[in-house]
Structure formats: C-alpha cells, structure tokens
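Report on the structure given below.
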Amino acid sequence: MPATPPDIDLTTGFLNRSGGVHAAARAVADAEAKGAALAVLWLDIDRFRQINESFGHVGGDHIIAQLATRLRLALRSDSVLVRMGSDEFVALIPSLQLPMATRIGVMLLAEIERPLAIDNLLMRPSASMGLAVLEAGEDALSLLERADRAMIEAKRRGGNQLIISGDERLTGRLGVQLAREELAIEADLHSALESGCLTLEYQPLVGIDGRIEAVEALMRCDLPGRRLLPGKFIPVAEKTGMIVRLGEWSLLQGAQFAARLRDEGVPTKVAINVSRAQLTSRNFAPALQAALICANVAPALIELEFTESLFLDLSDIVQANLRSTWLAEVGIAIDDFGYGYSSLSNLKDLPASKLKLDSSFIKVLPEDRRAYAVVKAMAMLGRELGMTVIAEGVETAAQQAAVEGAAVDAVQGFFHARPMPEEAMLAWLKERTTHAP
Ligand code: C2E
Ligand code: MG
Ligand code: MG
C-alpha cells in the first residue's frame, strides 16, 4: 500500500516516524511470509545539535536533506527509508543477511562522511549506526528497538561507527572491539567465503640441491576489483574467531591440492598455515582428520606451519592438538622463527621437523654480517635438533648465495618463484620434473 501524504516527511521525502512504524510492520510480515531476511539500519547524525546551533534550522534542514539524498542514492530501490526524528534515519532493507548488511552499513557510514559544503564551509558529517537483522518470530517493534539500542551503543562509544545488535559480532566472540576498517574487512571476508572469492596460492620451497621440499598454501581473498592480502585479513579473522572457519577451509583445500599433485604424478608436500585460534580449539584434531579423509591424502603429504609465538603458551589443549598432529604423522613446521619471542627451551621440546627462519634475517643479507652469523647459527641449531632449515624471503642471487653459505637446507622466496594459483603451481612442478637433472 503506498504511503499516504501525512506519512511523508517533507524535508527528506522519506516516511515519517508513524509511517515508518507501519512500514516496518508490513516489512516484517512480508519477510516472515516469504521466509526471507530483513535488515534494519538505524542512523543518528553525530553532533547534530551543534550543527543546528552553528547553521540555524534552515542550515540544519539543508544538511538533513542532503544526507537523505545520499542515503536514497546509496541504497537499493526496494529499501524503505524513514526519518525517525530530527536527525535520525531508519532504513528497512528486505532480503539482506548480516554479512551484506554489515557491508552496506559500513558503506553508508562512508557515504555520510563525504565532505558536505554549507555556507562556504566544508563540514564532515558522521553518524552512529545500529544494525539489527530480523530473528525468527520477532515483531517489528522489537526489531526496531534492537537497532535503536545498537545505535545508542555506537554513540556511547564515540560515534562514527556501526554496532550490530544481537550476537555482538562487533565486539566479537573474543570480546574485542573492531575499528571501522576491520569491520569492513570482516564483512568482505564473510561475503568472500559465501561467494567463493577465497583461494589459495602456492609457493615452492626449493632445496639447495634443487629438490622441491614442499609448496606453501597462502590464502588470497579476491573481491571485485581488488585483492585483500592475508596481512590485512588474517588478524581480523583471528579477532573475530572467523579464522577457525577459514582455517578449516584452507586445510581441506590444501589437502585436496596435495591429492591432486600426487594424482598428476608430481607428489609434493603441501604446507598449510595454522593460526593460534585454530590450535586452541577442540575442533582442531577432528577438522584435520576430516580434511585428510575427505581429500584422501596421506598425512606425509601434509605439513602444518605454526608461528613460534604459538608455542609460548603451551596450554593443555594446544599440547593435545600438537600431539594429535604428530600422532597423525602430519609434519610440523615452525614458521617465522626468530621474529618474535624465540624460546629455545620450547624449541627443544617441540615435535617439529622443519624450522623456517624469518625473512627479516634474510632481507639484510649479504651485507649484514651479524645477521649472517645468526642465520648460520640458527641453521646449525635446527640441524642439530634434527630439523630441516628453511630461509624465508630470498629475493636475490646474492641472498641465495649467502644462505647457501650459511648451510640452510632449502629456501623460499621470490628468487625462485612468487606465490601462484593452483594451475600455475602444477604446471611449474611438472616443468621442473621433466627438466630435472
Ligand atoms: P608466512 O606463512 O610466513 O608466508 C610467507 C609470506 O612471505 C607470504 O606472504 C609470501 O607471499 C611472502 N613471501 C614469500 N617470498 C617472499 C619474498 O621473496 N619477498 C617477500 N617480500 N615476501 C615473500 P602472504 O601470502 O602475504 O602471507 C602473509 C602471512 O599470512 C603468512 O606468512 C601467514 O602467516 C599468513 N597466512 C597466509 N595464508 C594463511 C592461511 O591460510 N591461514 C593462516 N592462519 N595464515 C595464513
Ligand atoms: Mg607460513
Ligand atoms: Mg613465514
């Protein structure tokens, strides 16, 4: 039913509060009938009273009208827009699940923040935003109330941010607060997982004798027109707990690639990175087993890379997970060794068979003789402990010569190959085997 004129706010052309409440009830009934999703974004312009005081009511209305236009242009045409109060807006967006709604919320915050010209002044408005997604059996008032409460929380935290009602995804399961950029990354990750935009690239670890020691799986998140690198998204995934899902995904993908390399006649170990949140989860050992079984691959073809900081706190669960990895005969590598808090006392007790020396020692070679001395000593230490020692980040022939001089067993770096997509990695390996000495 189209809104009748008394339901319309004249400044913005949006529904007014009473029209909005009716529209929300209709949208909820509609969503429930179709079994579809419904998202509500509640926005409140930050410091609006101050804006009104500075520019007067006419100026204030002008700003509201401009911000309303931005909202209208940024949202899908089936969204219902409401002016709830002097500086408060609500958007009802049908068929929108949480990940995409979060993304849209973040996008709206950015829209609002674009500079706005008024009286020869350029102001930068901002808003506090609350997001709620309809829950089963919920009525319109409760849905609106949750979005409002989330908005108030966003304001309490200083404004210019989005808070999600309900499962408090923003504060995250681990109770951390995400900054705006992190929130956008989280939303990107959710949609990448759903739309299959996550991939693994592979980079070879090449033995000094030319043998291929393994290929390392490196996660990539390709969104339309841009690529997010792990350095950006892994920390966010770790904060929000999403890393557990991503990690299970890469375990399975990596294991399947190992099976494929075997079937294509170039059997090669695949090394998969594992982060702390995975290793502290009770689900870790079953997920590893599941990946091996689903991919139908021998454990000897899989290696897990753990950063050394993981070994700082060897809680019972971490120890149990390491033990079951070892018992499953899956290889264990210590990644980025020497970068953080290398603990030699831990090193001697770990069931690892590979030590990867952090690239920070390699990138200063060959000039830095002290770094060279450290690399040489670490290589000797690793070997004495029965580990294969890898130098990470070798980019030049001079660095290659230096790490050979330091007697590492193998190297990984752009000098040999950059990380590459699955098909390219397969072709690279086949090419090397046919031309092997
Ligand atoms: P990492 O495990 O130490 O991986 C090696 C990183 O060094 C990769 O960065 C690789 O692209 C880069 N690299 C290799 N050779 C060179 C070189 O010669 N020069 C330079 N400048 N860089 C080189 P990437 O792919 O950006 O990954 C960064 C980190 O993100 C990884 O460091 C790893 O800790 C993490 N990561 C990547 N994929 C996953 C994953 O699937 N799960 C988890 N938990 N972490 C991942
Ligand atoms: Mg690694
Ligand atoms: Mg590394």
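Computed from a prediction, not measured in an experiment: that's the story for all the values here. Just so you know, ligand 1 is whichever comes first in the structure, and atom 1 is the first atom listed for that ligand.
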| Is the shortest N/O to N/O distance between Met219 and ligand 1 below 3.5 Å? | yes
| How about Met380: does its CE atom have over 12 heavy atoms from other parts shown lying under 6.0 Å from it? | no
| request: Could you list which atoms of ligand 1 come closer than 4.0 Å to a heavy atom of Ser275? | output: 44 (N)
| field | Heteroatom distance test (Glu392, ligand 1): nitrogen or oxygen, under 3.5 angstrom | value | yes
| task | Using a distance threshold of 4.0 Å (strictly less than), state whether atom 32 (O) of ligand 1 has a protein heavy-atom neighbour. | result | no
| said: Please confirm whether Gly393 approaches ligand 1 to less than 4.0 Å, judged on its heavy atoms. | reply: yes
| remark: of all protein heavy atoms, closest to atom 11 (O) of ligand 1 is Pro419 CG, 3.3 Å
| Any N/O pair Ile243/ligand 1 closer than 3.5 Å | no
| query | Do Glu395 and Lys363 meet the salt-bridge criterion of a basic N to acidic O distance under 4.0 Å? | reply | no
| query | atom 35 (C) of ligand 1: which protein heavy atom is closest, and how many Å away? | reply | Pro230 CB, 4.1 Å
| If you measure from each heavy atom of Glu216 to ligand 1, is any distance below 4.0 Å? | yes
| Could you go step by step and tell me if Ser128 and Asp46 meet the side chain to side chain donor-acceptor pair (under 3.5 Å) rule? | CA-CA 6 Å; Ser128 302; Asp46 295 330; 2.6 Å; yes
| message | If you count heavy atoms of other groups shown closer than 6.0 angstrom to CZ of Arg418, is the number above 12? | response | no
| query | Short check: is a protein heavy atom less than 4.0 Å from atom 37 (C) of ligand 1? | reply | yes
| field | Under 4.0 Å to a heavy atom of Ser250 - the qualifying atoms of ligand 1, by number | value | 41 (O)
| field | Inter-residue atom distance Arg70.CZ - Leu75.CG, 0.5 Å rounding | value | 13.5 Å
| said: Under a 4.0 Å threshold between the charged nitrogen and the carboxylate oxygen, would Arg220 count as salt-bridged to Asp222? | reply: no
| query | Salt bridge or not for Asp209 and Arg211, using N-O below 4.0 Å? | reply | yes
| message | Regarding Lys354 and Glu303, does a basic nitrogen lie under 4.0 Å from an acidic carboxylate oxygen? | response | yes
| Who's the nearest protein heavy-atom neighbour of atom 10 (C) of ligand 1, and how far? | Leu218 CD1, 3.8 Å
| query | Under the side chain to side chain contact (heavy atoms under 4.5 Å, CB included) criterion, do Leu131 and Leu98 qualify, and how do the steps go? | reply | CA-CA 9 Å; Leu131 165 64; Leu98 188 60; 3.7 Å; yes
| query | What is the closest protein heavy atom to atom 13 (N) of ligand 1, and at what distance does it sit? | reply | Phe414 CE2, 3.7 Å
| field | Within reach of ligand 1, part of Leu246 (heavy-atom separation under 4.0 Å) | value | neither
| Distance (rounded to the nearest 0.5 Å) between Leu205 CG and Asp409 CG | 11.0 Å
| message | What's the separation between atom CG in Leu288 and atom CG in Leu304, rounded to the nearest 0.5 Å? | response | 5.5 Å
| Any non-hydrogen protein atom less than 4.0 Å away from atom 44 (N) of ligand 1 | yes
| message | Between ligand 1 and Arg220, can you find any atom pair, the residue atom being a heavy atom, that is separated by under 4.0 Å? | response | yes
| Going by chain and residue number, what protein N/O/S atoms come nearer than 2.8 Å to the Mg ion (ligand 2)? | Glu216 OE2, Asn273 OD1, Glu305 OE1, Asp335 OD2
| Going by an N to O cut-off under 4.0 Å, is there a salt bridge joining Arg227 and Glu201? | yes
| Looking only at protein heavy atoms, which one is nearest to atom 15 (N) of ligand 1, and how far off is it? | Gln203 NE2, 3.0 Å
| query | Is there a nitrogen or oxygen of Gln412 sitting under 3.5 Å from a nitrogen or oxygen of ligand 1? | reply | no
| request: Among all protein heavy atoms, pick out the one at the shortest distance from atom 34 (O) of ligand 1; state its residue, atom name and that distance to 0.1 Å. | output: Asn273 OD1, 4.4 Å
| request: Not counting sequence neighbours, list each pair that qualifies as a ring-ring contact (aromatic ring centres under 6.0 Å, His included) and has a residue in residues 381-416. | output: none
| request: Determine whether more than 12 heavy atoms belonging to other residues, nucleotides or ligands lie under 6.0 Å from atom CH2 of Trp428. | output: yes
| query | Can you tell me if Gly231 has a non-hydrogen atom under 4.0 Å from ligand 1? | reply | no
| Lys/Arg-Asp/Glu bridge criterion (N-O < 4.0 Å) met for Glu153, Arg149 | no
| note | min-distance protein heavy atom vs atom 19 (N) of ligand 1 -> Glu395 OE2, 2.5 Å
